Amino acid sequence: MDEKEELKQKLEQELQWVQYRQKMLDIIEEKLLQMKLLAEQAKQDNLTARELEALNARINDLAAQVRALDTESRRTEDGRILE
């Protein structure tokens with residue numbers, strides 16, 4: 001494989017990673033919006049302690065999902081983590 005083909009292959013891999021990362025960022029955005037809506041619901045409604053606990057658990061679960069998606073989607077095929 002010559003230099004030009006290697007560069008093309010590398011750029012194609014980078015493009016695939018960027019497209020994957022964008023999909024994950026879209027999912028993260030959806031989860032963050034869900035978290036915001038839950039927080040607004042908790043703020044506006046007169047909820048019982050049990051209901052607030054359930055909302056808090058859901059928010060914490062979404063936060064864990066966001067962290068996991070972000071961490072995983074930063075990894076490249078060769079295992080490098082991009083900041």
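The model shown is predicted, which means the values in this text are computed figures rather than measured ones.
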Contact check, side chains of [X] and [Y], non-hydrogen atoms, under 4.5 Å:
{"X": "M35", "Y": "L38", "value": "no"}
{"X": "Q19", "Y": "L15", "value": "yes"}
{"X": "E5", "Y": "D2", "value": "yes"}

**Report entry** Smallest separation among heavy atoms of Y20 and E72, with atom names
**Finding:**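 Taking Y20 first and E72 second, the nearest heavy atoms are OH-CG, 3.9 Å.
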
Query raised in the report: If you take all heavy atoms of L52 and A42, which pair is closest and at what distance?
Result: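 Reported closest heavy-atom pair: CD2-CB, 3.9 Å.
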
Report task. Start with the C-alpha gap between M24 and I27, add the side-chain angles, then the distance that decides, and say whether side chain to side chain contact (heavy atoms under 4.5 Å, CB included) holds. Result -> CA-CA 5 Å; M24 293 302 105; I27 293 169; 3.7 Å; yes

State the [atom1]-[atom2] distance between [X] and [Y], to the nearest 0.5 angstrom.
{"X": "Q22", "Y": "I28", "atom1": "CD", "atom2": "CD1", "value": "10.0 Å"}
{"X": "L62", "Y": "L69", "atom1": "CG", "atom2": "CG", "value": "10.5 Å"}
{"X": "L37", "Y": "Q34", "atom1": "CG", "atom2": "CD", "value": "8.0 Å"}

Requested in this report: Say whether L33 and L55 are linked into one hydrophobic cluster, either directly or through other cluster members, by side-chain heavy-atom distances under 4.5 angstrom.
Outcome: no

Requested in this report: Evaluate the criterion side chain to side chain contact (heavy atoms under 4.5 Å, CB included) for residue pair N56 and N60; output intermediate values, then yes/no.
Outcome: CA-CA 6 Å; N56 193 40; N60 288 336; 3.7 Å; yes

Report task. Could you note down all residue pairs passing salt bridge (Lys or Arg N to Asp or Glu O under 4.0 Å) where residues 47-70 supplies at least one of them, sequence neighbours left out? Result -> R21-D70, R58-D61, D70-R74

